[in-house]
Amino acid sequence: MSAVLIDGKKIAEEIRSELAGKVSALRTAGVVPGLAVILVGENPASVSYVTAKEKACEEIGIQSFETRFPENVAESVLLEKIAACNRDPKVHGILVQLPLPRHIDERRVIGAIDPSKDVDGFTPINLGRMLLEEPCYIPCTPLGIIELLKRSGVPTNGARAVVVGRSNIVGKPLANLLIRKSVNATVTVCHTGTRDLAAHVKEADIVIACAGKPGLVSIDMIKPGACIIDVGVNRVPDPTKKKGYRLCGDVDFEEASKVAGWITPVPGGVGPMTITMLLSNTIDAAARISDIALQ
Ligand code: GUN
């Protein structure tokens, strides 16, 4: 392996120890940061993400309030719960784990979250503010990726970045953050309609794979020395594992790490950063709502 391993777990721990001081300051001022976590159904990946988020909250001193609904919950029930969280002074952040079941209008549900408590940064108000570079909450995975690049010393000024994937949660907001002057990359967004994915990826100094497809980015596509950020979390069957599956990203890690300059592992790369940015946004929301200035 020639690539530098970007250890997301370690960087996330460093940031969490910085955040712990902010939680102490809030608690000293009589404010316990609170996050409402809403989960619908029993999608195993969603259950595991929500569990990890709640554990991280507990470890840092954020109170989490979990509500689980069955898969067949009525949309009106979900909307009532969000309205109650919007009103609850103990709740500073609201997280509705996505995806939601098909009978529920995701837009309506996300749109019901008070933007000042939208710590996922998914509401139209926060996404609009992000585009305009106004104070807002920025989606956690893209924010975590920018932080990873900065803290790993990956040069971004004038770099060619290729984002593979165009989701509302990752690809679209990430492309937008990468073109900010503070990052200053030149961005191409590839998707299922892209004619020659390899030709685009081959030009990239920074590749962000966020399509949710194992093996999407292979060694022959990678420019030597490029930085590879793998957002994919795919469960592939593996009878040698106790759980019957293993996690892998969108990138062939073993091969790619032979030519890349930097690479993130899966797990232990982007995932811990997503959770850390959620903690950070929740702490900021608690401070803003309570009118407390944090250092
Ligand atoms: N599903 C996949 N990623 C996320 C995330 O960052 N937040 C929420 N709420 N749901 C998700």
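Note that ligands are numbered from 1 as they come in the structure, with each ligand's atoms numbered from 1 the same way. All residue numbers in this chain count up from 1 along the given sequence.
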Chemist: Taking all non-hydrogen atoms of both residues into account, name the closest pair between A260 and I228 and its distance.
Modeler: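 Looking at all heavy atoms of both residues, the shortest contact is CB-CG1, 3.7 Å.
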Chemist: Can you pull out the closest protein heavy atom to atom 11 (C) of ligand 1? Residue, atom name and distance to 0.1 Å, please.
Modeler: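 Sorting protein heavy atoms by distance from atom 11 (C) of ligand 1 puts Q97 NE2, 3.3 Å first.
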Chemist: Is L95 in polar range of ligand 1, meaning some N or O pair under 3.5 Å apart?
Modeler: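 Looking only at distances, the answer is no, because the N/O contact criterion of under 3.5 Å is not met.
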Chemist: Taking all atoms of both residues into account, what is the closest heavy-atom pair of S17 and E14, and its distance?
Modeler: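 It is OG-O, 2.8 Å.
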Chemist: Quick one: closest heavy-atom pair of C248 and V266, and the distance?
Modeler: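 What the structure gives for the nearest pair is C-CG1, 3.9 Å.
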Chemist: Closest approach of A12 and T276, non-hydrogen atoms and distance?
Modeler: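 Heavy atoms of A12 and T276 come nearest at CB-OG1, 3.3 Å.
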Chemist: Would you call M277 a ligand 1 contact, heavy-atom distance under 4.0 Å?
Modeler: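 The answer is no: ligand 1 sits nowhere under 4.0 Å from a heavy atom of M277.
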Chemist: Decide yes or no for V23 and L279: does some side-chain heavy atom of the first lie under 4.5 Å from some side-chain heavy atom of the second?
Modeler: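 V23 does not reach L279 side chain to side chain.
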Chemist: Check ligand 1 against F122 and write out every atom of the ligand that is under 4.0 Å from a heavy-atom position of the residue.
Modeler: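 Result: 5 (C), 7 (N), 8 (C), 9 (N).
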Chemist: Nearest to atom 1 (N) of ligand 1, what protein heavy atom do you find, and at what distance?
Modeler: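 Ranked first by proximity to atom 1 (N) of ligand 1 is L98 O, 2.9 Å.
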Chemist: Select the closest option to atom 3 (N) of ligand 1 among L143, V119, I169, judged by heavy-atom distance.
Modeler: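 Considering heavy atoms of L143, V119, I169, the nearest to atom 3 (N) of ligand 1 sits in I169.
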Chemist: State, to 0.1 Å, how close P142 and V170 come at their nearest heavy-atom pair, and which atoms those are.
Modeler: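 Taking every non-hydrogen atom into account, CG-O, 3.8 Å.
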Chemist: With respect to T141, determine whether any N or O atom, backbone or side chain, lies less than 3.5 Å from an N or O atom of ligand 1.
Modeler: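 Between T141 and ligand 1, no N or O pair is found under 3.5 Å apart.
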Chemist: For ligand 1, is there an N or O atom under 3.5 Å from any N or O atom of V96?
Modeler: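 N/O-N/O distance below 3.5 Å exists for this pair.
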Chemist: Nearest protein heavy-atom contact for atom 6 (O) of ligand 1: which residue, which atom, what distance?
Modeler: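 Checked against all protein heavy atoms, atom 6 (O) of ligand 1 sits closest to D120 OD1, 3.8 Å.
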Chemist: Quick check on side-chain contact (heavy atoms from CB on, under 4.5 Å): which of L100, V77, L39 does F69 satisfy it with?
Modeler: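 Filter result, single survivor: V77.
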